[in-house]
Each structure stands twice: as C-alpha cells, then as structure tokens.
Novice: 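Dropping a structure here in structure tokens format, bear with me for questions.
Computed over heavy atoms, backbone and side chain alike; hydrogens, waters and symmetry mates excluded. Throughout, protein chains are lettered first and strands after them, A, B, ... in sequence-line order, and every chain is numbered starting at 1.
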2 protein chains.
Amino acid sequence: MDQIHSASLVGDAIGAISRHIRERDLMPGDKLPSEALLSKELNVSRTVVREAFRSLAAMRIIELATGKRATVAQIDHGAMSLMIEHGVHTDQINIHQIYDVRRTIETRIVTLAAIRRTDEEAAEILRLAAQMKASLGDPAALMEYDLAFHTALAQASRNPVYSLLIGSFQGITRQTWPMGWKTRPTQAARDLMVQTHIDIARAVAASDPLKAVELMTLHFDESVRALLTAGMS
Amino acid sequence: MDQIHSASLVGDAIGAISRHIRERDLMPGDKLPSEALLSKELNVSRTVVREAFRSLAAMRIIELATGKRATVAQIDHGAMSLMIEHGVHTDQINIHQIYDVRRTIETRIVTLAAIRRTDEEAAEILRLAAQMKASLGDPAALMEYDLAFHTALAQASRNPVYSLLIGSFQGITRQTWPMGWKTRPTQAARDLMVQTHIDIARAVAASDPLKAVELMTLHFDESVRALLTAGMS
DNA sequence: CAAGCAAAACCTGTCTGACAGGTTGGGGGA
DNA sequence: TCCCCCAACCTGTCAGACAGGTTTTGCTTG
C-alpha cells in the first residue's frame, strides 16, 4: 500500500501519511498533523504535502477543511461514483455490464435486508416505495425515490460494502435512468415497475427473503428488457 | 458530477477538467491541455490546476507523467483498493463483510466465465490452479497464484466491472489471506482448498456453469469457516 | 472566582516566480 | 534520405507571501 506511489516525492508523502494513519490506528474524525509539520518531518516542501493531501482527499481517505487540520474520513462512494462514470463515458464499461453487477449484488442485498432489517428500516423502505407511486407524474422525483429505495435496502443489509457499491452506481444511474423510463411508454409498464418496488418492500417487511429475491430478479429482468428496447446494445 | 467539488477553486478546476474530457469525448490515452494553458483558461494559478490534476490522478481518471502532458487514464482498481483497505483499517468494514460481497460476485463471475471464457482463458485458469498446487510449500507464491486465479476468472467473465471489483479486494486480501491459511493447519485442509480451485478451473474449462458455481460456493463456505476458526468475529 | 470576549497563534487556500530535469518535434548536417 | 541534436515545451519541486478561517490563550468584567 505504500510503495505503489513511490518514485516521486508526492508518492512517498502519500505513503508516509497512509502509514501514519495505520500505525497510529487513527479513526475517522481524528486529526492529522498540519501541512507545515509534515513538510518538516518528511523534508519536503509544503507543496508536496498539499498534493499528497489532495490525492488522499480525492479517494476520501482524509477530509480537508480550510483553517482546520485534515482529518481521517469515513468511507464514501463519491470517488467510486466518479470512477465508474469515467469508465462509462470512455466506453470502457457499458450499461448492461453495470446492470449485471447491480442485479447480482441487489439480489443478495434484498436477501440480507429481508433477514436483517429493523422495523424502522422496513418502514422507511415501504415509505420510499409509496413515494415512488405518488410520484408517477414526476419522473425526476420518482427517480430520486427509486435511488433512495435501493440505497435503503443496501443500508438494511448491514454490510457497508454493499452500500458503498450501490452508491458507486448511483452517479451513472442518474444519467441513464431517464432512458429506461422513456422506454416504458405505457401506463401499465410504468405501474408495473412501481408496483414491483412496493412488492419488494412488502416482502422485506414480511421478512420473506425468497419472495424478495424473486421480485428483485423480476425487476431487473424487466429493466434490462427496457434497456434493450431502447436500443442500447 | 461537476458541482460536487465546488466552493473551492480546486474543486471548480476538477469539474472543468472532467467536463473537458466528457464534452470532447476524450478516450484513454488522449492528451489533456498543459497545466499552463489550463491555468490561463480557468483564470487560476498553476498550483490550483496541479492540485486538481492530482485529485483526478488519485482516482485514476487521468494519468500524470513528468515532462509529458496528462492523459486520460484507463480504469484501474488501485484507488478502490486503497479505499477498501482504509475502510477495513478504520473498522468501518470487516473481513466477513468483504467475504460476503466476494462470494456474491464470484459466484456470478464463475457462471459467466464458464459461459464466455475463450480457450486461451480456460487454459490460463487451469494453469494458475496447477501452479497453486505446485506452490503448496510456498504460501506467498500460493497466495499470488490464488489472487491471479480469481483475477483471471473475472477477466473471463467479460465484464470489466467484475475485474474492477475483484481488483479492489486484492489489496486487503493480501493482508488477510495468510490468516486464513494458518487456520488450515492440516495437510488435508490445505489440499482440499487447492483441489477446489483445480475443480473450479475444470468446470469452467468444461463450460459447466452449475458445477462451477457449486464449487465456488463450497470454496467460500470453507473460507468463511476458516476465518471463523481463526477467531475473527 | 467564573464567564465571556478579544487578540494572538495556528492553519489552510491560493498566488507568484524560479529552476531542475524529462520529452518532443523539427531543422540541419552527414 | 536518415539521423542526431537542439530548442521549445512541459512537469516536479521549492521558497516566500498573504488573505481568510479556526483554535487557543489570556485578560477583562461581573
């Protein structure tokens, strides 16, 4: 984890700072040394330390704030989201591949959610599904409730890695969701899509993992079909 | 994707550069403007442009090289790997959660690999499994072949997102793998672990996805049991 | 003595200018 | 025509400076 970046002063500084965090077992929120102090300890200019900080901040490993010292950060999907978007924009990843991964992890998520969800989480998931139905006339709002629904399921799975991954796909999903919506031109198709979410929420609330998985699979089958209809090869 | 970073000149610059890439449809390898030019166009100092470049480079969205201009980068798991490691080191993620995710995606990967693998990929996967067996006396080498084996499977799945995810877990796996190995103290347990890999390779080579999934599930069940034995809660 | 406030000390964000190399394209010589 | 070398370009790093934002300190006041 350290020498990956070496061969440049900034790379060395990134390694040194990472090591500092690990060796002292710093936890999210803990403060790092000031730029001035680090530049003195590492025998490099403040410029180098700053660029190292920026790099770590880009990966959301640390957090920067003006006036305050840098702190250790909580994991966050922002960086991953940008990386995925970049991959799609540069034709290194296509939407179908994203959907295959989402289907794979979301069927697992919904199983775990059905087993582990608290009553509060179940209520929230039901509420978001209901909000989707109430937003049938407002695609933008509907999309946001849709995203929040899947995020809530990931949360209920009690595995932060799933939350991270679902979050990572959110950025690109925001850009492609409207396409999928347009290919469901009939009211029936749109109602079905929303109803499936409601049914998934009910299955999770009823702690019925098998039913939940079945419905989630149905949802993704339908979504992929919609994308194909849209002519996305 | 743009205004996430705003409220600071560096953030704005990151947004402007990202937009530049997207609007001009730049592909991996394409050159970006020089720091001097960008600093002139964006009306900021070269310092700001450099920090923006560093941020994008940390996410492997662009690539920097001394003397040359920055180029658009290929997706790479390096950054994600560091992020995951950070999450584990700061107790935000534990090993079991990683294993649950790996099991979920690797069972899908092995299905796809069994269906889509080329003959060359099948041969490579078999070769790596054989190398594992040949390295039974050298844990470090065995681990590397193990990692390469799973990477090759992901490759054969023909979905770069799976490769990305498997790569993301490699960093932390390198740090925890020896623990799992130590908890398989008997020769029988160790032979079984390696034999399972060989069997998976054969199932993939035989284009038998069901058998491959069954064996992969077995492998993960066994690995999780080993971790539990090691006292990892 | 305690509470509160204001100045001092500290810290980050950005700018400017400078210089040591690494890279590249083009012109001139063989 | 081919090759080599130089000039132009570009990045990596450093030093110093200053405008704000933040934290600490210590004094003042009730």
Novice: With distance as the sole criterion, is a donor-acceptor pair present between the side chains of B:Asp100 and B:His96 under 3.5 Å?
Specialist: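 Result is no, nothing qualifies.
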Novice: Relative to the 5' end of DNA chain D, which residue comes earlier, A:Leu9 or A:Lys68, by the nucleotide with the nearest heavy atom?
Specialist: A:Leu9
Novice: Reading DNA chain D from 5' onward, which residue's closest nucleotide shows up sooner: B:Arg69 or A:Thr66?
Specialist: B:Arg69
Novice: Which residues in residues 34-51 of chain B have at least one heavy atom lying under 4.0 Å from any atom of DNA chain D?
Specialist: B:Ser34, B:Glu35, B:Arg46, B:Arg50
Novice: Using whole Å, what does the distance between atom P of nucleotide C:dT12 and atom NZ of A:Lys31 come to?
Specialist: 11 Å
Novice: Is B:Glu51 reaching over with its side chain to a backbone N or O of A:Arg54, donor-acceptor style, under 3.5 angstrom?
Specialist: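 Not confirmed, B:Glu51 side chain does not pair with A:Arg54 backbone.
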Novice: Parallel, tilted or perpendicular for B:His197 and B:Phe149, by the 30°/60° rule?
Specialist: perpendicular
Novice: Between A:His20 and A:Glu41, does the side-chain hydrogen bond (donor to acceptor under 3.5 Å, both in side chains) criterion hold? Intermediate values first, please.
Specialist: CA-CA 12 Å; A:His20 178 98; A:Glu41 278 183 7; 5.6 Å; no
Novice: Could you state the atom-to-atom distance from CD1 of B:Ile62 to C1' of D:dT11 in whole Å?
Specialist: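 Checked: the CD1 to C1' distance equals 12 Å.
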Novice: Can you check the A:Asp12 CG to D:dC14 P distance for me, whole Å?
Specialist: 11 Å
Novice: Please determine whether a side-chain nitrogen of the Lys or Arg among B:Glu121 and B:Arg158 lies less than 4.0 Å from a carboxylate oxygen of the Asp or Glu.
Specialist: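 So B:Glu121 pairs with B:Arg158 through a salt bridge.
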Novice: Are the side chain of B:Arg117 and the backbone N or O of B:Val204 linked by a donor-acceptor pair below 3.5 Å?
Specialist: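 Answer holds: yes.
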